[in-house]
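Take a look at the structure below.
What you are looking at is a predicted structure, and each value in this text was computed from that prediction instead of being measured. Reminder, nothing fancy here: chain letters follow the sequence lines and each chain counts from 1.
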Amino acid sequence: MNKAQPAAQTKPNALVDVRSFVWSIRREFWEHRSLYIAPFAIALIGLAGYLYVLFNTFGVTGRFGRETLAMQRSILFVPVSAVTFAIIATATLATFYFTLDALFGERRDRSILFWKSLPLSDRHAVLAKFAVPMLAMPLIEFVIIFFTQLAMLIAAGIALSLSGVGTEFIWKHFPFAKMAAGVVYGLVTAALWYAPVYAWFLFISGWARRGPVLWAVVPVIAAMLVERFTLGSTLVYDLIQRRILAGTSASFTEKSAAASTQGGDARVVVERLGETSSSLTPDPAKFFSNPELWIGLLLAVVFVIAAIQRRRNRGPI
Amino acid sequence: MRCIEAHGLTKTYGKTVALNGIDVQIDAGRIVGLIGPNGAGKTSLLNAILGLTPCEGEIRVLGLDPWAERATLMQDACFVADVAVLPRWLKVENAIDYLDGVHPKFNRTIAEGFLAKTTIQRKSKVGDLSKGMVAQLHLALAMSIDAKLLVLDEPTLGLDILYRKQFYEALLNDYYDKERTIVVATHHIDEIQYILTDAIFVDGGRVVFNESMDQIETRYCELIVNNESLEAARELEPIHTRHTFGKHVLLFRDREPEQLATLGELRTPNLSDLFMVYVSNQASEVRGGRA
């Protein structure tokens, strides 16, 4: 056994690091299974709901053929967009939870002593955790979304052909390439846009002695309130609001106004929804020229470095 | 070859002095017991050796600075803390996969061999195993790493006597090869004294006793005398005297056994006797110093 050791040591370092890095990312998913189970469950629920809609409009009432084209498109395709958004939203929430727990849980259950007994640096450990929201989750979300959309469209195709409308309706009206490209672009830009939030949560999870969720949120809310009541301005609020809620509008352009209830008629709203969800156009020029993106990424780097320092100094709680 | 070398190692947490200028050298191939009461500084010393905490003073482990080079050090050093540090969600098979994936000196075949001797199931999660099984698992994983230094911190805490005995037997029979160094911090002095080559007592952040077991046998002896011979024995300057069951037990260091044998019954003190002497003496001295 001893003779084998020099061979082990002469393995090229870069290769060993990539291999260990991938293993360290995998281990995060052993620990935080909700990262893939939650979006997968939402996908299944969405799929079941969609099957119900198809059964209702084709099987029971057979009213599909009597609808307007806009309504037909909405019935078939709005659920696809809606389920896609629901999967992304669920996965994002699960990822927020993960980043808040990643460096906290290992100190709380003392397993940090086990992880630190391995020949892996704190930089390796923290970067592997940061790679979960930045690399692994976008990939997992894409795979789940891809197969969910595929299943939904196959179901729609079966329903259409059984009802005599014909599957070419899907080919004609569903923007396949645009949708897939949009999902990839959306996942990548969302990861970049939320990077400072993930990094901040990761830092707090490595820093807080208890209640990382509170520590992550309360100072930000306090800053908003202090600014509001001392300076009367809402700069922090606007920044946070744009960061958390405006991820989509930072990276996409909407060609038509979002569906509103101003028309008063629910049918019009549903018809317009069909148009809106297909009118979100990737706008990389706007996204990458936005200084807020780059400031956010810079902050993310700062928080990740701080998280590495924290992990180096912190033992079990 | 030196495995661990520390000079003037000092660690303070606020006003609390955890390590108070520790000097210690541990050669390769030794099995060292690190023994001290709670709060003596054992864990702080182990943390310094393992690069888990920065310290003032100098420390080299396997020629490396542990704080600056922990990840490199851990290729050749291995650490088993008390039984509760393996994460509860980890499956046994995943633990093996992960170590195989990240540790260049982990040998999967050896680990599987060790586990085959136990009743631990591959699919079990750590949280579903008994305390004793978790200790078996952690030791099996540690022993499957071809390390030069193994550090154990209270590895059998909370285990029943059966598992404790098995634990040390496995360590001695299946792992120790006279080249590896093992450092064990524990309270169970009596159980480990027969496997040790050296004993270090730590108290009040200082090393108060540091001898090899061979030295203990040659340098120390206990003399059991009755009242008549007590005065004569006291003139030979024992380092400690205690009174039990109507007899006086005097501890001597570096005295000729022939000289003592005329006064009463001689025996080699065991580690817990020495511990009581050195640690309680030091404790009162330290307490006096602080007051």
Practice problem: Give a yes or no answer on whether the side chain of B:S144 reaches the backbone of B:A111 with a donor-acceptor pair at less than 3.5 Å. | Solution: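 Side chain of B:S144 to backbone of B:A111: a pair is present.
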Contact origin within [X] toward chain A - heavy atom pairs under 4.5 Å:
| X | answer |
| --- | --- |
| B:L50 | neither |
| B:L73 | neither |
| B:N47 | neither |

Tell me whether [X] is salt-bridged to [Y], with the criterion being a basic N under 4.0 Å from an acidic carboxylate O.
| X | Y | answer |
| --- | --- | --- |
| B:E169 | B:K165 | no |
| A:E28 | A:K129 | yes |
| B:K123 | B:E93 | yes |

Quiz item: Taking atom types as modelled and ignoring hydrogens, do the side chains of A:H124 and A:S24 form a donor-acceptor contact shorter than 3.5 angstrom?
Solution: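 Yes, A:S24 and A:H124 have a side-chain donor paired with an acceptor closer than 3.5 Å.
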Quiz prompt | Contact leader toward chain B among A:R27, A:R314, A:E31, where contacts are heavy-atom pairs under 4.5 Å | solution =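 Among A:R27, A:R314, A:E31, the one with the most close pairs to chain B is A:E31.
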Exercise. Among the options A:I112, A:D109, A:L118, A:V22, pick out the one with the most heavy-atom pairs lying under 4.5 Å from chain B.
Key: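 Sorted descending by pairs with chain B, the first entry is A:L118.
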Quiz prompt | Closest-packed option against chain A by number of heavy-atom pairs under 4.5 Å, given B:G51, B:P54, B:C78, B:A71 | solution =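 Ranked by contacts with chain A, first place is B:A71.
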Quiz item: Any side-chain heavy-atom pair from A:F40 and A:V143 closer than 4.5 angstrom?
Solution: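 No - every pair of side-chain heavy atoms lies 4.5 Å or more apart.
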Quiz prompt | Atom group of A:R312 that falls short of 4.5 Å from chain B, counting heavy atoms | solution =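 Both backbone and side chain.
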